[in-house]
Each structure stands twice: as C-alpha cells, then as structure tokens.
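What follows is a set of notes on a single structure, which appears directly below.
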Amino acid sequence: MVESGALGVVGAGVMGSEIAFLGAAAGDHVTLVDTDPGALAAGLDRARAIAQRRLAKGRLTEDEARGIEGRIRGAESVSALSDCAAVIEAVSERMEVKLAVFEAFGEQLGADTLVASNTSGLSITDLAQAAGRPQSVVGLHFFNPASVMPLVEVIRGAQTTDAVVDRAVELAKRYGKTPVRVRECPGFLVNRVLVRAMVEAYREAESAGVDPTAADAAVAHGGPAPMGPFALGNLVGLDTLLSISTQLEGAYGPRFSPGRLLADMVESGNLGAKSGGGFDVDPDAPPTKAAAPVSQRYYGAAIAEAAACAREQIADRRDVDLALQLGAGWETGPLAWAASQGIDETDTAEV
Ligand code: 3HC
C-alpha cells in the first residue's frame with residue numbers, strides 16, 4: 001500500500017516542521033501537532049518559510065508554494081490525527097516525553113495508521129510497546145535539514161510487520177527520500193558514526209586547546225565530511241546532541257562521552273541555530289597544522305564505528321557508506337574513504 005492523503009506530524013520543532021513541509025510538498029494534507037501554541041505557530045511558520053524560500057529561488061511556482069502552505073494546518077492534540085494514513089512523531093528526544101505520545105497514539109489513532117518515530121536512536125521496540133500496537137510502529141529517521149538531506153533510516157522494531165516496514169519504505173520514497181533499512185541498535189547507523197566522531201573531536205579539541213573554528217576547518221579540509229563537528233552541532237541542536245551522546249554513552253561506554261565543551265554550552269542555554277548562540281565558528285577559516293589531530297580523531301572514530309556497524313550487521317558495508325553520504329553529506333562513505341587512503345579500519349580508534 002502506498003500512503004497518500006493525510007499525514008500527522010507530532011512535535012513542531014525544527015525536524016517536525018521540515019517533515020511537515022516534505023509531506024505537503026508530496027501532496028499530502030498535513031496536520032502538525034504541538035501542545036504548546038507558541039511552538040506550534042513557530043513550526044507552522046518554519047514549514048511555510050521553506051516553501052517561500054524555494055519560491056524565491058525559482059524552485060517552486062507561486063501556485064505550488066501556495067498549495068503546499070494550504071495543505072499544512074496546526075492542531076494542539078493528537079486527537080486531530082484520527083483519520084491520518086500515517087503519523088510521524090518528532091517530539092523532543094527524551095524517552096518519557098515520547099512514551100506519553102505513543103500512549104496517546106494507542107488511544108487515538110485509527111487501527112490502520114502507520115505509526116512512525118523520528119527518534120534518533122531510542123528503542124523503537126519500547127515505543128511500539130507503549131502504543132499497545134507494536135506491529136504497526138516503525139522508525140523513520142530523517143536528517144537535518146530534513147527538507148534537504150536525502151536519507152531516511154527505516155528501523156524495524158522487534159514486532160514490526162513486513163507490511164509496515166514496506167509501507168514506511170514507500171512513504172519515504174514518495175517524500176523524495178532514499179530509505180536505508182537499518183537494524184535496531186542504540187543510535188541506529190548514522191548517528192552512531194557521526195555522534196561518535198563529533199564527541200571525539202569535541203574532547204580532543206578541549207584537551208588540546210583547539211578552538212571550534214580551527215577544529216572545524218581541520219575536519220572540513222581533512223576528509224570527506226562537508227562541515228566540521230562544531231558547526232554541525234549548532235545545526236543539529238546542542239541539547240539534542242547532548243541527549244543523544246549521553247544515551248549512547250550509557251549504551252556503549254565512554255567513547256560516546258559528550259565532554260565538557262558540549263555540556264557547558266547546553267548548561268548556558270546556547271543550543272545552536274534554533275536558540276541563537278552556540279559554538280562560535282567561522283566556516284571560511286583555512287586549516288591549520290595545530291588542529292590536524294582533531295581531524296585525525298574525528299575520521300578515526302567515524303571509521304572505527306562504521307566498521308563496527310558493518311561487523312554487527314546494522315547495515316551492510318555498502319549501505320553504511322551510502323547512509324553517511326546521503327544522511328551527512330559525506331563525499332565518500334567512511335569505509336570506502338579509509339580504503340582509498342590506505343587506512344586500516346581495524347587500527348583506528350577503539351570501539
Ligand atoms: N536548515 C534548512 N535548510 C538549510 C539549512 C538549514 N540549517 N542550511 C542549508 N539549508 C538548505 C539551503 O536552503 C539549500 O536549500 P535549497 O537547495 O532548497 O535551496 C540547501 O540546504 C543547500 O544549502 P547551501 O547550498 O547553502 O549549502 P551547502 O551546499 O553548504 O549545504 C548542508 C548545506 C546541506 C547543510 C551541507 O553542509 C551538509 O550536508 N552538511 C551536513 C549535514 C549533516 O550532517 N546532517 C546530519 C546531521 S545528524 C542528524 O540530523 C540526525 C539527528 O537525529 C540528530
């Protein structure tokens with residue numbers, strides 16, 4: 001079955017509003033839900049601003065932009081989603097918040113609704129249990145900025161049926177994305193690799209006294225990633241990144257430890273692009289020799305984690321590389337890049 005018609009998106013943050021745009025751009029009528037009226041209004045504005053930006057760039061006609069904007073409406077309760085063919089949850093990355101949303105899904109959504117979570121790494125199986133209908137729940141993990149990055153990770157929970165996984169794959173394709181099926185594990189695939197590399201770079205920069213601009217220049221010029229880890233943290237949201245790395249540290253150990261630089265930023269309320277503030281970076285700065293170790297640690301960690309994901313069959317080697325290219329904009333995936341540079345993937349950072 002190919003989904004069409006009505007999409008519900010729960011959580012009107014950056015990710016939710018970008019997903020709402022994607023649904024409306026594919027022709028679906030989208031209801032964006034947030035219990036906070038201020039957050040809802042901001043999310044609706046954000047989704048409509050994407051259409052306006054594309055109109056200004058000549059990528060949409062006026063009619064198309066108007067059509068997209070007209071297909072997105074707001075609501076303050078999940079009860080507005082009872083007729084949706086598919087619902088995607090994109091609330092804050094905290095288990096207790098997501099569990100409450102999934103319990104409401106169990107009570108309020110139609111029996112045939114495809115129920116997806118955009119969690120960046122929490123257990124789909126646990127969320128599915130909370131909904132009381134575990135067979136129809138799946139992970140659909142988009143990447144920032146979701147209106148631009150082509151990848152969606154599709155994650156099957158322990159009880160998700162084949163038919164539901166197929167519907168999720170079709171939905172992702174209809175929204176113009178490339179779905180990659182990923183075996184469930186904390187952080188799934190791309191965040192395991194990317195967050196591992198980012199926090200490794202943060203810790204190295206902190207201990208070596210390298211500032212964020214120099215660290216970012218070293219990484220952006222030292223390998224296939226399109227931007228450095230500090231600018232990327234600002235883009236993703238530093239609170240989201242801290243929460244993911246803390247969860248992954250709990251699951252995998254100290255290699256995911258966020259370090260003080262990130263924790264201090266979040267404590268001071270500087271959360272990156274969404275709040276204003278964040279790490280101070282100049283994307284045009286040239287690379288310096290002194291910062292080169294940050295780049296080595298970044299790519300070493302990414303390669304090691306990517307190799308571990310392939311070994312654990314989280315995805316096959318080709319998909320590991322493809323996912324980093326499509327989800328994080330890498331010119332070459334980490335495993336192929338390691339091979340091209342003569343780097344032994346078993347001899348990088350510890351996993
Ligand atoms: N928000 C929304 N759209 C943005 C954006 C932002 N912050 N930054 C750039 N864009 C859009 C631009 O408007 C443009 O859109 P258009 O094609 O519709 O005109 C498009 O992105 C390309 O932008 P630019 O040409 O200005 O810039 P670049 O070519 O430098 O690309 C980038 C910008 C796409 C952000 C690129 O640098 C990139 O791929 N970076 C890596 C991003 C990444 O790693 N994302 C994954 C993060 S992990 C994650 O999201 C998982 C989650 O669970 C935490």
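In listed order, ligands and their atoms are each counted from 1. Model, not experiment: these values are computed from the prediction.
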- Task: Just jot down the ring pair (Phe, Tyr, Trp, His ring centres under 6.0 Å) partners of Phe230, sequence neighbours excluded, or say none.
- Result: Tyr202, Phe279
Run the side-chain donor-acceptor check on residues 324-336: report pairs under 3.5 Å with partners two or more places apart or on a different chain.
from: Gln325; atom 1: NE2; to: Glu331; atom 2: O; distance (Å): 3.1

- Near ligand 1, which residues have a heavy atom under 4.0 Å away from one of its atoms? Glu18, Arg53, Arg54, Lys57, Arg59, Ser120, His141, Phe143, Asn144, Pro145, Val148, Met149, Asn191, Leu194, Pro226, Met227, Leu232, Leu235, Val236, Ile244, Gly327, Ala328, Gly329
- Message: If we ignore hydrogens and angles and just use 3.5 Å, is the side chain of Arg48 paired with the main-chain N or O of Ile72 as donor and acceptor?
- Response: yes
- Step through the shown structure and confirm whether more than 12 heavy atoms of other residues, nucleotides or ligands are within 6.0 Å of CD on Gln313. no
Can you give me every donor-acceptor pair (side chain of residues 14-25, partner residue at least two apart or in another chain, under 3.5 Å) with its distance?
from: Ser17; atom 1: OG; to: Gly13; atom 2: O; distance (Å): 2.8
from: Ser17; atom 1: OG; to: Val14; atom 2: O; distance (Å): 3.1
from: Ser17; atom 1: OG; to: Arg46; atom 2: NH1; distance (Å): 3.0
from: Glu18; atom 1: OE1; to: Ala146; atom 2: N; distance (Å): 3.2
from: Glu18; atom 1: OE1; to: Ser147; atom 2: N; distance (Å): 2.7
from: Glu18; atom 1: OE1; to: Ser147; atom 2: OG; distance (Å): 2.6

- Message: Check whether Tyr299 reaches the backbone of Ala225 with its side chain - one donor and one acceptor, N or O, closer than 3.5 Å.
- Response: yes
